[in-house]
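Values below: all heavy atoms of this structure, side chains included; hydrogens, waters and symmetry mates excluded. Chain identifiers are assigned alphabetically (A, B, ...) following the order of the sequence lines, protein sequences preceding nucleic acid strands; residue numbering begins at 1 within each chain.
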Amino acid sequence: MHSETVAQLQQGLRARKYSAVELTRALLARIESAQPALNAFISIESEAALAAAAVADQRLAAGDAPALTGVPIAHKDIFCAAGSRTTCGSKMLSNFISPYDSTVVARLRAAGAVVLGKTNMDEFAMGSSNETSHFGPVRNPWNLKLVPGGSSGGSAAAVAARLVPAATATDTGGSIRQPAALCGVTGLKPTYGRVSRYGMIAFASSLDQAGVLARTAEDVALLLKPMAGFDPRDSTSVECEVPDYQAALNQPLKGLRIGLLKEFFDQGLDPRIEALLRTALEQLRAQGATLTDVSLPNLPLSVPTYYVVAPAECSSNLARFDGVRFGHRCENPRDLKDLYERSRGEGFGAEVKRRIMTGTYVLSAGYYDAYYLKAQRVRALIAADFERAFSTVDVLIGPTTPTVAFEIGAKTNDPVTMYLNDIYTIGANLAGLPGVSIPCGLVDGLPAGLQIVGPHFSEARLLNVAHRYQQESDWHQRTPEAYR
Amino acid sequence: MAWETVIGLEIHAQLATRSKIFSGSATAFGAAPNAQANLVDLGYPGVLPVLNGAAVRMAVMFGLAIGARIAQRSVFARKNYFYPDLPKGYQISQYELPIVAGGQMDIVLEDGSAKRVGITRAHLEEDAGKSLHEGLPGQSGIDLNRAGTPLIEIVSEPDMRSAKEAVAYMKKVHTLVRYLRICDGNMQEGSFRCDANVSVRQVGSEKLGTRAEIKNINSFRFVEKAINYEVARQIEVLEGGGKVVQETRLYDPDRAETRSMRSKEEANDYRYFPDPDLLPVEIDNAYIEGIRAQLPELPDQKAQRFATQYGLSHYDALVLTASSELADYFEQVVQKLGGEPKLAANWVSGDLSGFLNRDGLEITHSRVDAAALAGLLARVRDNTISGKIAKDVFEAMWQDQQSADAIIAARGLQQITDDGPIEQAIAAVMAANPAQLADYRSGKDKLFGFFVGQVMKATQGKANPARLNELLKKLLSG
Amino acid sequence: MSLSRRDIENIAHLARLGLSDAEVPVYAESLNRIIALVGELDHAATEGVLPMSHPLPGLTQRLRADEVTESDQRELYQRNAAQVMAGLYLVPKVIE
């Protein structure tokens with residue numbers, strides 16, 4: 001059962017090949033046994049999962065079951081779920097029981113999905129290697145010495161190790177696409193505003209977006225459908241019809257105009273990854289797509305832009321963690337200042353503190369114009385570059401990451417080296433664009449990702465391209481040996 | 001050395017919405033602590049603000065009423081600072097693009113002179129919660145019921161030159177927001193309060209002096225006292241060769257002084273930036289004109305109309321239009337009485353207002369309603385009772401809540417207008433006071449008043465004063 | 001431009017983050033690297049470019065109807081609080 005996709009599980013459950021409870025038990029057992037090595041989960045919610053699976057079986061039997069009934073999934077531990085511990089990978093929230101459901105959690109529950117647990121992540125989604133989690137690093141199922149990528153490393157590792165067929169995730173600067181690439185799974189970051197941010201603990205509000213990690217583009221489409229759509233609780237969610245993503249998957253690629261991002265095929269890219277990309281592009285051309293070189297001159301500034309905007313928003317978003325209403329509170333504060341400084345000093349890890357301080361600095365008197373405003377202007381230039389590109393091509397294709405997965409601890413000493421991991425993914429966040437990463441080959445036995453970025457609300461097209469590629473390739477079916 | 005005072009006010013008016021500015025929590029005053037603080041108000045992880053349309057509408061009403069520009073695009077920003085009553089660690093406010101900019105307010109001072117005060121801007125923001133200190137040794141308790149209540153902050157130009165001008169301006173704004181029904185104006189509950197920026201400079205100097213900001217003053221009386229204290233303090237500092245420090249001060253009504261706020265002493269760096277959780281607020285002309293068309297008659301317009309329509313003095317018109325409820329009451333009295341606006345004006349701004357003040361009642365809770373007062377004034381007009389007796393009847397009406405006619409009948413207070421009984425009373429008084437009569441007749445005219453008094457006493461005040469005067473003159477002169 | 005020890009302490013104070021003496025130089029070094037990275041923005045020609053604070057252009061704020069939709073959930077919401085008394089959240093004394 002663990003090797004089946006969401007689409008296959010839907011059929012298997014409806015055909016009563018296995019019950020939801022059997023399926024849930026089987027996967028819970030896999031999760032338990034993989035946990036010591038992978039550390040992909042922060043909370044394993046066996047009891048609640050089995051209860052939900054029992055209900056799913058009743059609904060399946062009664063014939064009144066919504067699309068995902070009985071399908072097991074995991075949520076990144078950034079999504080609040082009523083009555084469930086929601087830690088965001090932080091000591092700050094290690095005892096936080098959410099009193100409410102995020103919209104993503106509520107909608108997937110309404111669609112029938114059974115939640116097996118909450119996945120590990122970089123603390124407050126700040127990281128590219130899943131090493132900043134208070135609950136310890138997640139290990140890459142392809143090689144336990146390596147990082148899975150981040151910040152949604154737990155979700156990516158869980159899908160790659162076939163612990164769950166799909167998991168939710170979030171992407172602020174690449175946190176879905178980058179771990180998808182490093183773990184060899186499919187990950188979609190939708191258009192900003194496509195999926196409600198309500199109940200998703202904020203890192204950088206103008207960049208954060210919820211999405212899906214799964215094995216295939218088809219499975220991503222199946223989960224995205226119920227997740228997406230307007231939410232009156234999120235002022236930035238968009239009132240725009242949600243298309244039938246599944247129905248669009250098989251559309252032929254004839255006439256598809258693919259832009260090759262000159263700035264992505266730069267000297268920082270591992271030539272072996274470039275070679276895999278060229279092969280994949282040939283395959284798409286064989287299906288009728290045309291390839292054009294495209295340049296986005298301001299794109300190289302996306303990393304510095306991001307490392308102003310994201311920390312600025314994070315410094316403000318994380319001010320609410322003050323030890324008063326929720327979250328870690330220091331012992332015996334002497335006074336108010338001590339309460340704040342110790343609760344926050346003890347509750348946040350080093351990378352979170354670093355970003356809060358960076359953000360505080362770039363917003364502070366005398367620096368706001370030089371850093372924050374300047375970055376928002378460059379952001380406008382980058383967005384304009386993308387818009388110009390999309391006037392001549394339908395999608396942009398390039399690598400997801402410059403290299404395959406690196407060793408745990410290799411980049412923890414220098415934040416800037418770590419930040420440069422996101423060089424190919426950040427642009428889409430700055431411009432609010434959707435992007436998908438799909439497996440396109442192996443380098444030294446480790447997965448590499450191909451990234452497709454499209455205009456706003458082009459998820460159906462992105463998944464269509466990804467699906468057509470996956471119809472003609474089997475990289476997405478490759479499974480780490482220990483988890484077959 | 002002659003000093004000039006310069007004052008600017010930042011008035012915070014809570015908007016009279018049912019729900020909060022960014023959440024569906026109730027805004028009602030007086031709930032149990034934190035019973036009206038929901039996830040958004042508490043700043044729980046993951047929650048997001050959604051803007052209350054009524055707050056926008058009310059801010060636009062205010063802007064139109066002060067002749068300001070309404071921004072078709074305004075932006076919410078975060079003002080970042082740590083304080084226990086501020087759950088998110090930032091206040092959602094408006095900074096660079098407020099919804100209302102550039103208006104003015106005309107005020108009339110006690111000496112009757114007029115002055116125009118400029119209003120720089122008015123912006124929407126959320127109120128903070130409250131810290132309570134009593135009964136919690138070494139600790140403070142935080143109640144976040146007020147957190148997220150919509151406010152408009154109305155920022156004036158530094159146009160005021162005395163505490164009295166500042167009070168007149170604040171009262172005018174208070175009157176306006178209540179006319180517009182966008183704020184209940186309840187100052188005890190903190191619905192309407194202000195910060196005063198006060199500085200002094202040498203007369204003739206163009207340059208503003210260093211200012212102190214006096215925070216959170218919640219009564220007109222305290223505004224006047226706090227400013228006067230602060231002005232005297234600053235002059236004393238300057239004349240002693242010192243320098244005024246730019247700082248935040250708190251007015252302590254018990255000690256009638258301002259003192260430096262230690263907690264806000266350090267220079268604040270609020271790190272404002274546009275709130276990424278909220279989009280720009282865009283409103284079009286049709287929206288603005290729709291609101292303009294529904295604006296009620298404003299205080300200045302109403303005072304102007306009262307002066308011309310009812311022939312009242314400008315002063316009387318101002319007094320009667322101090323609140324729309326008082327003005328409505330007055331107009332009902334005139335309407336029920338079928339005229340006599342001056343008589344009605346005297347009573348409404350005189351006896352009625354006196355009793356309301358004495359009992360601490362609002363006009364809407366008056367124990368004598370407009371119809372009842374009109375009933376009393378009708379008896380004055382038709383000479384059933386004198387103006388003097390009417391005051392007693394009014395007091396009885398206030399007490400017993402009966403009609404004027406019932407009280408007049410029950411107490412036999414009808415005026416004596418027939419000559420016979422008045423003449424009899426005069427004759428008796430003359431007989432009882434022969435010496436005074438002789439003096440009067442020998443030219444002591446001043447004794448006329450003595451005889452009026454005696455006859456009134458004899459008739460228990462019921463003699464028609466005009467008849468009494470005429471008959472007394474005739475009979476005394478023999 | 002380079003951040004000093006004093007700068008780091010000021011920033012940490014503004015952000016209310018308690019740092020140990022040993023942590024200060026570590027953050028000074030990494031923040032200086034980050035500041036150098038973001039310093040690349042200086043080279044961008046941005047004259048006349050409007051700052052972009054939202055990724056989707058043209059969207060405007062939706063207005064909610066003025067309705068009370070929440071009821072008292074204090075007991076539930078205060079379960080995550082470290083210290084409450086009589087419905088109040090407790091903090092060390094606030095000095096005004």
[X] portion near chain C, given a 4.5 angstrom heavy-atom threshold:
{"X": "Ala384(A)", "result": "neither"}
{"X": "Val309(A)", "result": "neither"}
{"X": "Tyr419(A)", "result": "side chain"}
{"X": "Ser315(A)", "result": "neither"}
{"X": "Pro99(A)", "result": "both"}
{"X": "Pro232(A)", "result": "both"}
{"X": "Phe348(A)", "result": "side chain"}
{"X": "Leu433(A)", "result": "neither"}
{"X": "Glu239(A)", "result": "side chain"}
{"X": "Ser316(A)", "result": "neither"}
{"X": "Asp338(A)", "result": "neither"}
{"X": "Ala375(A)", "result": "both"}
{"X": "Phe457(A)", "result": "side chain"}
{"X": "Arg329(A)", "result": "side chain"}

Heavy-atom pair with the smallest gap, counting every atom of [X] and [Y]:
{"X": "Ala45(C)", "Y": "Leu381(A)", "answer": "O-CD1, 3.6 Å"}
{"X": "Ser206(A)", "Y": "Pro55(C)", "answer": "O-CG, 3.3 Å"}
{"X": "Leu37(C)", "Y": "Pro304(A)", "answer": "O-CB, 3.5 Å"}
{"X": "Met357(A)", "Y": "Leu17(C)", "answer": "CG-CD1, 3.8 Å"}
{"X": "Tyr371(A)", "Y": "Ile35(C)", "answer": "OH-CG2, 3.3 Å"}

In terms of heavy-atom contacts, does NZ of Lys337(A) have more than 12 from other residues, nucleotides or ligands at under 6.0 Å? no
Is it the case that atom CD in Glu387(A) sees more than 12 heavy atoms from other parts of the structure closer than 6.0 Å? no
Per-residue contact mode, [X] against chain A (heavy atom under 4.5 angstrom):
{"X": "Arg33(C)", "answer": "both"}
{"X": "Leu31(C)", "answer": "side chain"}
{"X": "Gln61(C)", "answer": "side chain"}
{"X": "Leu41(C)", "answer": "both"}
{"X": "Leu59(C)", "answer": "side chain"}
{"X": "Ala36(C)", "answer": "neither"}

With no hydrogens and no angle check, is any side-chain donor or acceptor of Asn80(C) less than 3.5 Å from a backbone partner on Ile97(A)? yes
Say you draw a straight line from [atom1] of [X] to [atom2] of [Y]; how long is it, rounded to the nearest 0.5 Å?
{"X": "Ile11(C)", "Y": "Ile356(A)", "atom1": "CD1", "atom2": "CD1", "answer": "12.5 Å"}
{"X": "His54(C)", "Y": "Ser235(A)", "atom1": "NE2", "atom2": "OG", "answer": "9.0 Å"}
{"X": "Arg377(A)", "Y": "Leu50(C)", "atom1": "CZ", "atom2": "CG", "answer": "7.5 Å"}
{"X": "Met52(C)", "Y": "Leu430(A)", "atom1": "CE", "atom2": "CG", "answer": "7.5 Å"}

Restricting to ring-ring contact (aromatic ring centres under 6.0 Å, His included), what partner residues turn up for Phe390(A), sequence neighbours left out? none
Please tell me whether Ser53(C) and Gln376(A) have a donor and an acceptor in their side chains that are separated by less than 3.5 angstrom. no
Of all of Asn10(C), Val38(C), Val26(C), Leu19(C), which one pairs up most often with chain A through heavy atoms under 4.5 Å apart? Val38(C)
Do Tyr361(A) and Ile34(C) touch side chain to side chain, with heavy atoms closer than 4.5 Å? no
One thing to verify: whether Arg16(C) and Asp322(A) come together as a salt bridge, which I'm taking to mean a side-chain N less than 4.0 angstrom from a carboxylate O. no
If you apply the rule side chain to side chain contact (heavy atoms under 4.5 Å, CB included), what do you find for Leu56(C) with His456(A), and how did you get there? CA-CA 8 Å; Leu56(C) 297 180; His456(A) 293 136; 3.4 Å; yes
So which residue, Val324(A), Val303(A), Thr236(A), ends up with the most heavy-atom pairs under 4.5 Å with chain C? Val324(A)
If contact means a heavy atom pair closer than 4.5 Å, which residues of residues 63-78 of chain C contact chain A? Leu76(C), Tyr77(C)
